[in-house]
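Proteins come first, then strands; the chains are lettered A, B, ... in the order of their sequence lines, and each starts at number 1.
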Amino acid sequence: MTIIEVPQGWPADPERARAVQDELRARVALDEPGPPPGTGRVTGVDVAYDDAHGLVAAAAVVLDAATLAVVAETTAVGRVAFPYVPGLLAFRELPAVLGALAALDTDPGLVVCDGYGRAHPRRFGLASHLGVITGLATIGVAKNPFVHPHGELGPERGDMAALRGDDGEELGRALRTQRGVKPVYVSVGHRVSLDNACAHTVALAPRYRLPETTRRADRLCRDALTAATSGRA
DNA sequence: GCGACAG
DNA sequence: ATCTTGTCGC
């Protein structure tokens with residue numbers, strides 16, 4: 001198996017990583033609506049870790065947005081490139097994710113990330129970062145709340161509540177994808193509007209709480225990690 | 001200074 | 001993220 005290399009100049013410490021975020025943030029495009037829900041392709045990306053071996057496996061699964069059928073899937077394995085630090089998740093996950101995306105031989109369309117985009121301490125989460133360095137349309141769908149609080153939201157599928165910054169700006173939304181389940185947290189990454197990001201998320205979760213993109217990518221990267229770990233060193 | 005804190 | 005069995009519920 002091939003081990004993905006960490007990109008040249010990749011930050012090695014939190015100080016420099018934050019500086020990179022502050023510099024790249026200006027390149028995020030927030031004025032594009034992005035692809036309409038239910039059309040084209042939608043790609044889920046996710047990673048799994050094996051701390052014992054210092055390995056990280058990433059997966060990219062491309063789905064037909066209309067049928068949610070799998071169109072293509074790739075994986076990549078690399079060395080862990082950064083420790084887990086809240087707010088700096090991109091530096092830990094992106095090298096492997098970029099490897100999986102590079103292995104794709106088809107257009108990924110909209111990329112759905114596990115985590116946040118704009119609703120981040122410095123408004124430049126994992127989804128924003130991936131979008132800026134690839135130019136792809138991206139959104140973030142997180143499973144847990146992070147820094148921005150939100151009010152109550154209705155119990156029905158599609159109900160939402162704004163995630164607001166200190167200045168009152170709407171940075172994302174808590175979104176209920178199924179009746180009675182905990183919400184997911186949607187925020188814009190790059191080249192997609194928040195309305196579209198939420199519409200895509202609901203369309204991608206017809207049956208379960210999480211979007212099919214993240215469910216499929218999660219399962220695939222775990223399998224890839226198991227395969228990498230069970231093989232010889 | 002002390003917690004909290006995406007995955 | 002990851003360590004981990006059974007169990008309550010639809």
Side-chain angles (χ1 to χ4, degrees), chain A residues 11 14 17-18 20-21 24-25 28 44-61 75-100 111-132 138-150 155 157 163-166 171-175 177-190 194 197-198 201 206-211 213-226 228-230:
Chain A
R18 293 190 185 92
V20 169
Q21 293 182 324
L24 296 182
R25 184 175 48 236
V28 174
V45 293
D46 193 17
V47 302
Y49 301 95
D50 177 358
D51 292 316
H53 296 76
L55 293 179
V56 52
V61 180
T75 61
V77 177
R79 286 282 173 191
V80 172
F82 203 87
Y84 171 65
V85 180
L88 300 178
L89 188 60
F91 298 94
R92 181 170 170 78
E93 307 206 331
L94 289 192
V97 169
L98 291 171
V111 179
V112 181
C113 301
D114 248 37
Y116 285 84
R118 208 163 169 241
H120 171 276
R122 284 169 296 285
R123 301 191 178 187
F124 195 73
L126 170 63
S128 317
H129 203 142
L130 179 62
V132 165
T138 62
I139 67 173
V141 178
K143 297 180 289 296
N144 298 295
F146 194 17
V147 292
H148 304 100
H150 66 267
R157 169 175 160 84
L163 259 41
R164 295 187 184 285
D166 292 324
L171 302 176
R173 287 177 196 156
L175 168 65
T177 55
Q178 296 293 325
R179 163 189 278 212
V181 303
K182 297 195 313 177
V184 294
Y185 303 84
V186 180
S187 56
V188 161
H190 187 55
L194 182 55
C198 290
T201 302
R207 165 87 213 250
Y208 300 101
R209 175 188 174 230
L210 298 180
T213 37
T214 67
R215 285 169 48 79
R216 289 303 215 321
D218 179 76
R219 197 159 59 85
L220 184 57
C221 69
R222 289 198 205 203
D223 291 346
L225 185 63
T226 298
T229 299
S230 60

State whether the side chain of A:R123 and the backbone N or O of A:L171 hold a donor-acceptor pair below 3.5 Å, judged by distance alone.
-> no

Quick one: does A:R25's side chain have a donor or acceptor within less than 3.5 Å of a partner on A:R122's backbone?
-> yes

Heavy-atom side-chain contact between A:D114 and A:K143 under 4.5 Å | yes

Strictly under 6.0 Å, is that where the ring centroids of A:H148 and A:Y185 end up?
-> no

Are the side chain of A:R118 and the backbone of A:G125 linked by a donor-acceptor contact shorter than 3.5 Å?
-> no

When the distance from CG of A:D50 to P of C:dT2 is rounded to whole Å, what number comes out?
-> 9 Å

Value in whole Å for how far the P atom of C:dC10 lies from CZ of A:R179 | 14 Å

Scan A:Y49 against the nucleic acid and name what it touches under 4.0 Å (heavy atoms): base, sugar-phosphate only, or nothing.
-> sugar-phosphate

Sugar-phosphate only, base, or nothing, as touched by A:P145 at under 4.0 Å among non-hydrogen atoms = sugar-phosphate

State whether A:Y84 places a side-chain N or O below 4.0 Å from either non-bridging phosphate oxygen (OP1 or OP2) of B:dA6.
-> yes

Classify the nucleic acid contact of A:A119 as base, sugar-phosphate or nothing, counting any heavy atom under 4.0 Å across all strands shown.
-> nothing

A:R222 atom CZ is separated from C:dA1 atom C1', nearest whole Å, by 9 Å

Sugar-phosphate only, base, or nothing, as touched by A:G87 at under 4.0 Å among non-hydrogen atoms = base

Between C:dT2, B:dG7, B:dA6, which nucleotide gets closest to the side-chain atoms of A:N144?
-> B:dG7

Whole-Å distance separating the CG atom of A:D114 from the P atom of C:dA1 = 7 Å

What does A:L94 touch in the nucleic acid at a heavy-atom separation under 4.0 angstrom: a base, only the sugar-phosphate, or nothing?
-> nothing

Between A:L126 (CG) and B:dG7 (C1'), how many Å, whole number?
-> 9 Å

Between B:dA6 and A:R92, is there an OP1 or OP2 to side-chain N/O distance shorter than 4.0 Å?
-> no

note: A:L225, atom CG; C:dT2, atom C1'; distance rounded to Å ~ 11 Å

Has A:K143 got a side-chain N or O lying under 4.0 Å from the OP1 or OP2 atom of B:dA6?
-> no

